Every structure is written in C-alpha cells, then in structure tokens.
**Q** 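Here it is, the structure in full.
Predicted, not measured: the structure shown is a model, and the values here were computed from it. FYI, side chains are in, hydrogens and waters are out, and symmetry mates aren't considered; it's all heavy atoms of this structure. Ligands are counted one by one from 1 in listed order, and the atoms in each one are counted from 1 as well.
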Amino acid sequence: MSTNPAPNLLTQLVTFFDDFAPHYDEWAHGFHRKAAERLVALAHPTPGEHALDVGCGTGLVTRALAHNVGRRGSVVGVDVTPGMLEVARQKTPANVQYLYMPGERLIFRDAAFDLVTMGLALAYFVDARAALAEAHRVLRSGGRLAVSCQRRALATDAQEEFFEILDRMRVDHPFMRLPRHDDERGSLGEPEVLTRQLYEVGFDEVKIATMVTGGRPKNAHEWVELMKGAGPLPYSLLSTMGPASRRRLEGELDEVMGRLDEDAFRFHIAVTFALGYRD
Ligand SMILES: C[S@@+](CC[C@H](N)C(=O)[O-])C[C@H]1O[C@@H](n2cnc3c(N)ncnc32)[C@H](O)[C@@H]1O
C-alpha cells in the first residue's frame with residue numbers, strides 16, 4: 001500500500017503562506033498591520049538608514065521602514081514564500097528591493113545594515129537561532145535588531161479547547177502525516193525566552209514590549225474560518241476537510257464552547273517585541 005509522503009516543514013509553510021497571502025493584511029481585524037506598526041515604532045528607523053526586513057511577507061513592515069528611512073536610505077525585504085513576495089511587489093517604494101532568500105543564509109556582507117527587523121517570522125524559521133545569528137552578522141557595530149513573535153501562552157480557554165480538538169484530529173488521521181515544529185518553538189514569544197535568545201547570539205541591552213489583541217467570532221463557522229489563518233498546521237487540517245467532517249467539527253465546537261459561557265469563541269493574540277543592539 002502506498003502512503004502520501006509527508007510534506008516537510010518548509011513545504012507546508014510555503015503552501016500556507018502562498019494560499020493565505022491575499023488575505024494576510026486583513027486577517028483578524030488587521031492584527032498583522034497593528035503588529036507591524038508597533039514593531040516599526042520600536043525599531044525607530046531614521047532618515048538615511050539601511051535596513052533589512054527578514055521574513056518580510058507582504059511588506060507591511062518593509063513599507064513602513066521605507067517611509068521612515070526616506071530617499072537617502074534603503075530597505076531590502078527577504079522571504080521564502082513566492083506568493084507573499086508577489087503581494088509585496090505590487091506596492092514597491094523606490095527605495096525598496098525584495099529578494100527571495102532564507103533568513104538563515106543571508107547573501108550580504110558583514111556589517112551591511114544599520115537595522116534588521118523580523119516581524120512575526122522567527123517562530124516559522126526552520127532554524128530560528130541561525131536566523132538571529134545571521135541578523136547579528138549583517139548588522140554594523142551599534143546597529144539594532146527589532147523582532148516580534150506571537151506569545152502562545154496567553155491563549156484563551158476557547159483557543160486551548162480548539163487546539164486540543166485539532167491535535168486529536170491530527171492523531172486520528174495519520175494518513176495526513178503533518179509535520180509540526182517542536183514545542184520549544186511555541187515558547188519563543190515568551191519574553192524571557194526571546195530575551196535569552198537575543199543575548200545568546202550576541203545582542204546587548206535587550207528591551208521588551210508586549211501587545212495583546214483579540215476578538216470573538218459569532219459562531220463555530222466564523223471561528224473555523226478565522227483559525228485557518230492561525231498557522232500552517234491548522235490551515236492544512238481545516239482547508240482539506242470535506243463538508244461532513246466540517247459539520248462534525250463545528251458541532252463539537254458548539255458543544256465545547258457552550259460550556260465556556262461568556263468566554264465561548266473568545267480569542268487572544270499576544271505579541272512580544274524585542275529590541276537588541278550589536279556591540
Ligand atoms: C507571519 S509572516 C510575517 C510577515 C511580515 N514580516 C509581517 O510582519 O507582517 C511570516 C513570514 O516569514 C516567512 N518565512 C518563513 N520562514 C522563512 C525563512 N526561513 N526565511 C525567510 N522568510 C521566512 C514566511 O514566508 C512569511 O512570509
């Protein structure tokens with residue numbers, strides 16, 4: 001009997017971001033826009049600076065950087081998902097260049113940039129530590145890295161329940177053979193973990209900020225549609241469901257959420273921001 005080969009993490013990730021690219025900027029009441037604005041405010045780009053935006057996606061952070069560094073400055077945005085880069089390139093300011101490149105292997109000389117940003121990308125990298133070390137290498141002395149990362153530990157009871165159901169679905173359907181990042185990855189957005197990661201690759205004077213936002217879809221159908229955008233694993237499971245499985249899932253959700261009273265269908269999205277300096 002032949003089985004489908006398991007996609008590797010990178011294939012699963014690129015498939016997700018390729019499909020999700022047209023909806024990315026507006027997902028969850030514009031959560032990605034808000035997070036990008038906060039990251040750029042923390043990074044504080046100034047006119048004439050040269051910046052690199054790693055995991056630039058649709059360019060939300062890249063364009064804001066470009067506006068701030070102005071015509072004397074420049075921004076390079078790099079990413080590995082063609083669909084995200086395609087959306088980004090639809091609005092390319094004159095001082096921006098987008099390149100297909102993994103954050104773990106940057107093709108830039110040492111000390112080439114004043115500022116590196118990584119908006120909500122760290123937890124998706126195949127090797128997060130290598131990407132941080134590369135950011136450190138391409139920054140000049142005194143240059144800075146601004147990172148944002150989702151903080152999973154602040155999930156609501158409704159999210160916990162939902163992800164338990166998804167986990168069960170993954171185990172019950174071994175033919176789907178979906179890869180997932182190790183659990184350590186889920187803690188990257190905890191302030192103490194992110195701080196430690198930055199110090200360990202050589203950054204100094206690390207400062208942390210946080211943001212919590214959220215919402216409450218009206219019903220199980222809206223909830224499932226929203227959660228498709230929550231990451232490659234929920235996307236792979238939810239977008240391949242037939243109508244009968246989908247009805248069963250929504251029924252189970254209605255039942256579980258019914259027990260949570262006013263916390264039914266409530267979700268949080270929390271983000272940790274970190275700024276570190278290179279010696
Ligand atoms: C959640 S999006 C963030 C997009 C943008 N930085 C923002 O703040 O809105 C994560 C992005 O990281 C990219 N990515 C994932 N792994 C990567 C890697 N190894 N190297 C470069 N980009 C990567 C994905 O393709 C995706 O576009």
Side-chain angles (χ1 to χ4, degrees), residues 7-43 45 51-66 75-91 96-108 115-135 137-138 145-152 179-181 185-186 188-189 209 211 213 227-235 269-274:
N8 67 26
L9 271 174
L10 195 57
T11 309
Q12 187 197 31
L13 175 128
V14 170
T15 304
F16 165 63
F17 280 112
D18 260 341
D19 288 1
F20 191 50
H23 316 289
Y24 180 85
D25 291 2
E26 304 310 326
W27 184 73
H29 314 296
F31 154 70
H32 294 121
R33 285 181 190 285
K34 289 177 209 151
E37 276 167 26
R38 286 289 295 273
L39 182 69
V40 174
L42 181 72
L52 172 67
D53 185 25
V54 182
C56 62
T58 59
L60 289 173
V61 172
T62 328
R63 284 194 296 279
L65 293 173
V75 188
V76 181
V78 301
D79 204 287
V80 293
T81 303
M84 295 293 263
L85 284 170
E86 201 181 306
V87 173
R89 285 185 174 124
Q90 285 164 13
K91 298 181 230 162
V96 168
Q97 199 184 2
Y98 288 111
L99 299 172
Y100 178 91
M101 194 185 297
E104 295 91 338
R105 292 185 77 183
L106 299 173
I107 317 293
F108 300 110
L115 169 65
V116 175
T117 51
M118 282 183 195
L120 301 174
L122 196 61
Y124 295 110
F125 293 152
V126 173
D127 187 343
R129 196 184 170 90
L132 289 175
E134 276 291 81
R137 181 184 68 75
V138 301
L145 169 69
V147 186
S148 60
C149 197
Q150 269 200 53
R151 189 175 177 191
R152 312 263 173 210
R180 60 178 297 174
H181 279 108
R185 195 83 47 141
L188 269 177
M211 172 181 110
T213 174
M227 290 300 157
K228 273 188 195 168
L233 183 70
Y235 181 79
I269 318 180
V271 181
T272 302
F273 300 87

**Q** Where do A35 and F273 come nearest, in terms of heavy atoms and distance?
**A**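 Scanning both residues completely, I find the closest heavy atoms to be O-CE2, 3.5 Å.
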**Q** Distance to 0.1 Å, residue and atom name: give those for the protein heavy atom nearest to atom 8 (O) of ligand 1.
**A**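 Checked against all protein heavy atoms, atom 8 (O) of ligand 1 sits closest to G119 O, 3.2 Å.
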**Q** Could you identify the single nearest non-hydrogen protein atom to atom 15 (C) of ligand 1 and state the distance to 0.1 Å?
**A**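 Nearest protein contact, heavy atoms only, for atom 15 (C) of ligand 1 is L13 CD2, 3.6 Å.
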**Q** Between V75, L115, L106, L99, which is the residue that forms a side-chain contact (heavy atoms from CB on, under 4.5 Å) with L52?
**A**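 The option that passes is L106.
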**Q** Say whether A121, considering both its backbone and side-chain N or O atoms, lies within less than 3.5 Å of an N or O atom on ligand 1.
**A**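 Min N/O separation from ligand 1 is not below 3.5 Å for A121.
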**Q** Are any of the N/O atoms in M84 less than 3.5 Å from those in ligand 1?
**A**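 So ligand 1 has no N or O lying under 3.5 Å from an N or O of M84.
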**Q** Write out the residue and atom name of the closest protein heavy atom to atom 21 (C) of ligand 1, then the distance separating them to 0.1 Å.
**A**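 Going by distance alone, atom 21 (C) of ligand 1 is nearest to G103 N, 3.5 Å.
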**Q** Please give me the minimum heavy-atom distance between A43 and T117, naming the atom from each residue.
**A**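 Taking A43 first and T117 second, the nearest heavy atoms are CB-CG2, 4.2 Å.
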**Q** Would you check if the side chain of K91 reaches a backbone N or O of G59 as a donor-acceptor pair within less than 3.5 Å?
**A**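 Between the backbone of G59 and the side chain of K91 there is no qualifying donor-acceptor contact (under 3.5 Å).
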**Q** For atom 3 (C) of ligand 1, state which one of F17, F20, Y24, Y124 supplies the nearest heavy atom.
**A**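 Selected option, by shortest heavy-atom distance: Y24.
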**Q** I want to know if ligand 1 touches E104 in the polar sense, i.e. an N/O pair below 3.5 angstrom.
**A**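 N/O-N/O distance below 3.5 Å exists for this pair.
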**Q** With a 4.0 Å cut-off on heavy atoms, does A36 reach ligand 1?
**A**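 The answer is no, since A36 has no heavy atom less than 4.0 Å from ligand 1.
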**Q** Taking atom CZ of R151 and atom CD1 of I269, what is their separation to the nearest 0.5 Å?
**A**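 Going from CZ on R151 over to CD1 on I269, the span is 14.5 Å.
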**Q** I'd like to know whether ligand 1 has M118 as a neighbour, heavy-atom separation below 4.0 Å.
**A**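 Per 4.0 Å heavy-atom rule, M118 does not contact ligand 1.
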**Q** How far is atom 22 (N) of ligand 1 from its nearest protein heavy atom, and which residue and atom name does that atom have?
**A**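 The protein heavy atom lying closest is G55 CA, 3.5 Å.
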**Q** If you count the atoms of ligand 1 from 1 in the order shown, which ones are under 4.0 Å from a heavy atom of T81?
**A**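 Contacts of ligand 1 toward T81, numbered from 1: 24 (C), 25 (O).
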**Q** Could you pull out the closest heavy-atom pair between M227 and P234, with the gap in Å?
**A**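 Scanning both residues completely, I find the closest heavy atoms to be O-CB, 3.5 Å.
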**Q** Can you tell me how far apart NE2 (H32) and OG1 (T58) are? Round to the nearest 0.5 Å.
**A**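 OG1 of T58 is found 8.5 Å from NE2 of H32.
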**Q** Atom 26 (C) of ligand 1: which protein heavy atom is closest, and how many Å away?
**A**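 Checked against all protein heavy atoms, atom 26 (C) of ligand 1 sits closest to D79 OD2, 3.6 Å.
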**Q** Evaluate salt bridge (Lys or Arg N to Asp or Glu O under 4.0 Å) for R89 paired with E86, printing each intermediate quantity in order.
**A** CA-CA 5 Å; R89 285 185 174 124; E86 201 181 306; over 6 Å; no
**Q** With a 4.0 Å cut-off on heavy atoms, is V61 touching ligand 1?
**A**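 It does, in that a heavy atom of V61 comes within the 4.0 Å cut-off of ligand 1.
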**Q** Going by the angle between their ring planes, with limits at 30° and 60°, are F31 and W27 parallel, tilted or perpendicular?
**A**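 Because their plane-to-plane angle is over 60°, the rings of F31 and W27 count as perpendicular.
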**Q** Output the list of atoms in ligand 1 that are nearer than 4.0 Å to some heavy atom of G57, sorted by atom number.
**A**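 Answer, ordered by atom number: 4 (C), 27 (O).
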**Q** Which residue holds the protein heavy atom closest to atom 18 (C) of ligand 1, what is that atom called, and what is the gap in Å?
**A**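 Result for atom 18 (C) of ligand 1: F125 CD2, 3.3 Å.
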**Q** With backbone taken as N, CA, C and O and side chain as the heavy atoms from C-beta onward, which portion of A131 lies under 4.0 Å from ligand 1: side chain, backbone, both, or neither?
**A**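 Neither part.
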**Q** Working note: R33 + E26, criterion salt bridge (Lys or Arg N to Asp or Glu O under 4.0 Å); need CA distance, chi angles, decisive distance, verdict.
**A** CA-CA 8 Å; R33 285 181 190 285; E26 304 310 326; 2.6 Å; yes
